[in-house]
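Residue numbers run from 1 in the order of the sequence given. Given the structure is predicted, the values throughout are model-derived calculations rather than measurements. Side chains included, hydrogens not; waters and symmetry mates left out as well; all remaining heavy atoms used.
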Amino acid sequence: MNIQHHLQPETLMAYAAGTLPAAMALVVGCHAERCSQCRKELRSAEALGGQMLETVAAKPLPEAARNNVMALLDQQPLPERAPASAVASTQGDDSFLPKRLKSLLGIDNYNQLKWRKLAPGIEKFNLPLDEGKSFMLRIGAGLAMPVHTHKGAELTLLLQGGYHDKLGSFHMGDVADLDSSVEHQPVAFDDEPCICLAGMDAGLRFKGLIPTLMKPLTGL
Ligand SMILES: [Zn+2]
């Protein structure tokens with residue numbers, strides 16, 4: 001899996017600090033299962049968080065933040081060319097079922113989900129998370145989603161197939177890390193249905209906090 005689209009530094013920082021809503025943290029964790037680059041950046045974020053702790057003694061890193069990162073680091077580093085079965089369960093040859101999603105939903109493949117029809121060829125499944133909004137979409141080959149903007153931040157991870165929009169082509173494993181300024185219309189690739197996992201902050205603000213905190217330390 002050759003990942004082209006990654007998480008923004010602010011998102012990785014927020015994850016490491018434990019300030020991401022659960023709906024978005026799930027997407028970050030699932031992407032990181034497959035992405036050594038973002039795993040490496042999460043380790044740096046954690047190290048920076050540790051330095052902040054020493055400098056700003058009155059601001060302990062929230063317990064949840066430590067748990068997020070520790071859970072991630074506890075996992076064996078995955079070699080770039082690990083067989084898919086060592087990384088995640090698959091259905092068929094070309095879909096990616098992250099371990100976090102598998103255990104959260106208790107499924108072995110995406111056909112086991114109770115998909116709800118949104119429009120012809122487009123189905124949705126809402127995930128049971130109470131922070132932010134989390135759902136999956138299954139979009140028929142070649143179909144377009146309506147043009148939309150986002151009220152807040154949105155992370156979308158490609159689990160099967162892919163789509164293209166004005167930002168580029170997104171393939172399995174890629175993540176679109178978008179803020180509310182982006183207006184786009186994803187169109188699924190022609191050759192197979194596209195399945196993706198989305199996490200939104202749904203009005204919960206999180207970006208901006210960490211960069212502000214870090215300003216005195218990094219001189220940004
Ligand atoms: Zn990445």
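Partners of L113 under the side chain to side chain contact (heavy atoms under 4.5 Å, CB included) rule, at least two apart in sequence or in another chain, are L105, I107, Y110, W115, F125, M136. The side chain to side chain donor-acceptor pair (under 3.5 Å) check on E41 picks up nothing, with sequence neighbours excluded. Taking the side chain to side chain contact (heavy atoms under 4.5 Å, CB included) definition, one finds that H6 meets it with I3, H31, C35, Q37, C38, sequence neighbours left out. Applying the side chain to side chain contact (heavy atoms under 4.5 Å, CB included) criterion to S44, with sequence neighbours excluded, gives no partner residue. For the side chain to side chain contact (heavy atoms under 4.5 Å, CB included) test, residues two or more places apart in sequence or in another chain that qualify with L143 are I122, I139. Considering only residues two or more places apart in sequence or on other chains, Y163 meets the ring pair (Phe, Tyr, Trp, His ring centres under 6.0 Å) condition with F170.
L48 CG to L12 CG: the interatomic distance, rounded to the nearest 0.5 Å, is 12.0 Å. Note: C196 SG to M172 CE = 13.5 Å, rounded to the nearest 0.5 Å. For the atom pair CZ (R34) and CG (L159), the distance works out to 10.0 Å, reported to the nearest 0.5 Å. From D174, atom CG reaches atom OG of S169 across 9.0 Å, with rounding to the nearest 0.5 Å. Note that the CG atom of L20 and the CG atom of L155 stand 7.0 Å from one another [nearest 0.5 Å]. Atom CG of D177 is separated from atom CD of Q8 by 4.5 Å, given to the nearest 0.5 angstrom.
The shortest non-hydrogen separation linking L7 to T11 is CD2-CG2, 4.1 Å. When all heavy atoms are compared, the tightest approach of D108 to L97 is O-CD2, 3.3 Å. Nearest heavy atoms, E131 versus P21: OE1-CA, 3.3 Å. Of all heavy-atom pairs between A153 and M24, the closest is CB-CE, 3.7 Å. Closest non-hydrogen pair, G132 versus A23, comes out as C-CB, 3.8 Å.
The hydrophobic clustering, which links ILVMFWY residues whose side-chain heavy atoms are closer than 4.5 Å, places L167 and L158 together. Grouping the Ile, Leu, Val, Met, Phe, Trp and Tyr side chains by contacts below 4.5 angstrom, directly or via other members, places V27 with L104. Both L118 and M200 are part of a single hydrophobic cluster, where members link through side-chain heavy atoms under 4.5 Å apart.
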Could you walk me through whether K99 and E33 pass the salt bridge (Lys or Arg N to Asp or Glu O under 4.0 Å) test, one step at a time? CA-CA 8 Å; K99 283 187 283 189; E33 284 184 24; 5.5 Å; no
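L101 is listed as a side-chain neighbour of L26, based on a closest heavy-atom distance under 4.5 Å. The shortest distance between side-chain heavy atoms of L197 and C30 falls below 4.5 Å. Side-chain contact between F96 and L157 is present, with at least one heavy-atom pair separated by less than 4.5 Å. Put simply, the side chain of P186 reaches to within 4.5 Å of the side chain of H184, judged on heavy atoms.
Applying the salt bridge (Lys or Arg N to Asp or Glu O under 4.0 Å) test to every pair with at least one member in residues 109-123, sequence neighbours left out, gives these pairs: E123-R138.
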